[in-house]
Novice: 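Please find one structure pasted underneath; my questions will follow.
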Amino acid sequence: MSKTILVVEDQEDSRRIMRDLLTSAGYEIIEAVTGEEGVTAAETHQPVLILMDIQLPDFDGYEATRRIKAKPALRQIPVIAVTSYALSGDDVKAFDAGCDAYVSKPFSPRALLAKIREFLN
Amino acid sequence: MQNAPSSKITPKVNSISRRFSYTLIGVITILLIIFAATVIFFDINRIESEIKRRLDNAIEFAQNSLPTPLWNLDYVVVNDFVDALFLDESIVYTKISWEDKVITEKVRHGFQVQKLETALPSTLFKGSKYISKSSDIQFKENKVSTILIVMSRESLRKKALLQIYGIIALSIIIIAAIWFTSIFITKRYISSPLLKLQESASSIANGDLDTIVDKSSNDEIGLLAKHLDIMRGSIKGLFSKLKESKEKLEEYSRTLEHKVEARTRELARSVEELEALGEISQTVNTTLDLETVLTSIVRHAVQLSKADAGTIYEFDETEQVFIPRINYGVSDEFIQAMRDSKQRIGAKTVLGQSAEKRLPDQISDLANVPNYRIPYMKQTDFRALLAVPLLRKDRHIGGLVVRRKVAGKFSEAVVDLLQTFAAQSVIAIHNARLFHEIEDKGRELAIANKHKSEFLANMSHELRTPMNAILGYTELIIDNIYGEVPKKIQRVLERVENNGRHLLGLINDVLDFSKIEAGRLTLNLSDYSMQDVIETVLTSVEALATEKNLDLKVKVPKELMIGKGDEQRIAQVLLNLIGNAIKFTEEGEVIVQARVSSETFFISVSDTGPGLSEANQKKIFEEFHQADGSSTREKGGTGLGLSISKKIVEMHGGRIWVDSIPEKGSAFRFTLPVRVERQMEQK
């Protein structure tokens with residue numbers, strides 16, 4: 001059974017890197033560009049894991065995570081926040097919103113993959 | 001000067017002379033009375049016996065003379081004899097008889113024979129006035145007749161009485177004489193000198209110390225007087241000393257009083273002025289609201305100069321006119337009139353003149369200035385005007401004018417005071433102008449700073465995004481995600497990756513630093529384990545140490561207390577220190593140590609690197625500073641790492657420093673309170 005990962009990311013390059021990385025690692029990926037799309041896609045596709053960018057065009061990744069975690073069907077899906085802020089307190093915000101882990105941009109694809117595997121194995 | 005009441009000193013005197021006289025006279029009188037009584041007593045007895053003797057003599061005379069005539073019955077002779085007897089005027093009655101027959105009888109006029117019986121016998125004064133005796137007359141043993149002679153005591157008594165009166169009179173004369181004499185003597189030698197002395201003493205007592213004491217006599221009183229005079233002298237000496245002292249004291253106290261009074265007045269005035277000045281300078285220093293300051297100045301200026309109204313004008317440089325800025329004690333109409341008067345420098349007003357002369361100017365009575373430049377002033381009841389120019393570095397700032405309803409010159413002190421106030425006004429106006437400038441600049445600066453921060457935040461984001469892509473793609477290529485990459489290209493790509501990470505590090509440092517500078521870095525305080533932090537950091541640098549063949553040692557006790565702080569930032573500090581140690585050490589070891597003492601973590605990272613000179617030890621924590629400028633590029637880093645670390649440690653309330661011996665190595669040490677409950681303010 002192929003594992004589907006939802007990538008919520010508005011930047012094309014980031015999306016592409018994740019896609020190339022995860023596809024080559026054998027995952028299937030679903031992409032969403034806005035928070036709204038991300039929440040919908042999570043409901044529709046029931047992914048095994050969500051990579052959530054924080055800076056999104058409509059509402060931020062924290063809000064999207066809160067909405068996803070508010071739905072009982074989606075609550076157990078791990079959400080890894082990908083923040084480009086690297087500011088002090090971002091981790092706390094991420095955990096408060098319900099994220100299970102966080103990776104700061106620029107991320108190392110190798111490290112990201114390692115983090116994903118922590119959740120999926 | 002106090003006068004002793006004389007009644008106390010000279011009470012009703014029981015005069016010595018009088019007492020002496022009374023005593024003397026009493027004694028003398030008694031003596032005289034005794035003497036007189038004795039004399040009279042003896043005299044009466046003497047008279048009594050005289051009478052008796054005379055009666056006996058008369059009887060005897062009769063017995064001797066009468067027998068013969070009687071015998072012879074020669075009655076003429078007998079009568080002659082009786083007449084002869086009657087020569088003695090005491091004899092009042094004589095009777096010669098024979099048996100019951102009266103031979104002859106003679107009665108002195110006034111004597112009544114009938115009373116004879118009752119009149120007999122007695123003493124001179126008691127009882128009868130008369131004394132009688134009868135006897136027989138015999139002739140040769142034959143009784144020839146009987147004779148009775150009665151004698152009156154009257155004449156003798158009269159004589160005796162006369163004598164007694166004489167004695168009494170004499171006594172009285174003697175008493176009087178003695179009395180007068182004694183009075184005279186006592187008065188002359190005792191009372192009078194004593195009285196004089198008493199008068200002198202009384203006079204002295206009453207304060208007349210120049211009283212002349214008569215000490216001419218050389219008796220006891222004279223001695224007393226001499227001593228009194230000596231006493232007077234010494235009292236006078238003392239008194240004059242006392243008087244002198246008192247006068248001095250009075251003089252002192254008078255001058256002191258005057259001085260104190262004058263000084264008090266002066267002080268009160270100074271205090272008032274100082275208070276006003278104090279208040280003003282305080283206002284100048286604490287209030288940047290020009291209106292408040294100037295209002296305070298005008299009010300004090302008017303009150304202290306005893307004027308009724310005042311105005312501070314501000315000089316409008318573009319219009320070249322004085323504009324009333326702050327007013328006290330005048331109507332709106334008045335202010336408008338002043339505004340309309342458009343006074344310029346050199347105008348024929350106190351303000352215009354003082355501005356031109358750059359000195360205070362005054363008009364002591366407007367009544368003497370018929371055509372004052374501001375006609376409105378004539379409608380007011382102000383009489384005296386004083387203007388002081390406000391100058392700053394010879395530039396006109398404005399003017400201070402006070403107005404008084406009472407004509408007269410303003411004193412120099414007031415002029416001086418107003419000049420001080422003017423100076424304060426200048427400072428206040430200048431301060432306010434500066435403040436406005438600063439405020440404007442500050443506003444501009446704040447805006448610029450905000451722009452800078454926003455720019456930096458945006459920049460970092462904008463820089464990171466492409467970096468993300470560059471690093472991500474590079475890594476994917478190296479990992480052969482896009483197909484097999486030749487080793488040669490792979491090595492080049494690794495260099496690209498390293499440079500990219502370095503660039504990212506620079507971007508992060510600059511961002512952190514600018515955030516710290518902008519005061520926007522906030523610590524995220526939560527519980528952490530120091531062991532875990534150290535371990536995490538070591539994990540990330542282990543590879544580097546191994547690469548350089550360095551011995552990376554850790555000396556941390558098993559059980560360290562759970563700390564509270566910003567774990568990520570503490571890790572950043574450690575990473576920076578350990579990273580540097582590895583970076584600058586070519587051989588040897590890097591030791592990380594941690595311990596807890598008195599609620600504080602003591603962390604040290606020591607190496608066997610090149611060490612730091614003393615000068616560099618001090619500068620190393622400054623921004624953009626590395627021990628050796630050239631090594632920046634070679635070793636990587638921005639030169640911000642240590643200053644960021646320092647800020648982070650200080651924000652935790654800790655301290656960071658370095659101990660180093662050149663050529664031997666360095667030990668970077670820092671302390672952190674175990675439990676940091678709030679972020680320290682950055683200087």
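Because the structure is a prediction, the values reported are computed rather than measured. Throughout, a chain's letter reflects where its sequence line sits, starting with A, and its residues are numbered from 1.
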Novice: Quick one: are B:Tyr473 and A:Asp13 in side-chain contact, heavy atoms under 4.5 Å?
Specialist: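 B:Tyr473 reaches A:Asp13 side chain to side chain.
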Novice: Counting heavy atoms not belonging to A:Glu12, are there more than 12 under 6.0 Å from its CD?
Specialist: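 Not buried by this count: 12 neighbours or fewer within 6.0 Å.
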Novice: Non-hydrogen atoms of chain B under 4.5 Å away: do they reach the side chain of A:Ser108, the backbone, both or neither?
Specialist: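 Both backbone and side chain of A:Ser108 come within 4.5 Å of chain B.
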Novice: Checking B:Glu497 against chain A: side chain, backbone, both or neither under 4.5 Å from a heavy atom?
Specialist: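 B:Glu497 touches chain A through side-chain heavy atoms alone.
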Novice: As an exercise, state the distance from CG of A:Asp20 to CG of B:Asp479, rounded to the nearest 0.5 Å.
Specialist: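 One gets 12.0 Å once the value is rounded to the nearest 0.5 Å.
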Novice: Above 12 or not: heavy atoms from other molecules or residues under 6.0 Å from CD of B:Glu559?
Specialist: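 No, CD of B:Glu559 has 12 or fewer neighbouring heavy atoms, counting only those of other groups under 6.0 Å.
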Novice: Kindly compute the distance separating CG (B:Leu476) from CE (A:Met18), expressed to the nearest 0.5 Å.
Specialist: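 B:Leu476 atom CG to A:Met18 atom CE measures 11.0 Å (nearest 0.5 Å).
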Novice: Check whether any side-chain N or O of B:Asn468 sits under 3.5 Å from a backbone N or O of A:Phe107 as a donor-acceptor pair, and report yes or no.
Specialist: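 Between the backbone of A:Phe107 and the side chain of B:Asn468 there is a qualifying donor-acceptor contact (under 3.5 Å).
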Novice: How close do B:Gly472 and A:Pro109 get, heavy atom to heavy atom, and via which atoms?
Specialist: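 Residues B:Gly472 and A:Pro109, closest heavy atoms: O-CG, 3.7 Å.
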Novice: Do B:Thr465 and A:Gln55 touch side chain to side chain, with heavy atoms closer than 4.5 Å?
Specialist: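 Not in contact.
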Novice: Considering residues, nucleotides and ligands other than B:Glu599, do more than 12 of their heavy atoms fall under 6.0 Å from its CD?
Specialist: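 Not more than 12 within 6.0 Å, no.
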Novice: Check each atom of B:Ile477 against the heavy atoms of chain A and say whether the ones under 4.5 Å are side chain, backbone, both or neither.
Specialist: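 Neither part.
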Novice: Please report the shortest heavy-atom distance between A:Ala111 and B:Glu475, naming the atom on each side.
Specialist: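 Reported closest heavy-atom pair: N-OE2, 4.5 Å.
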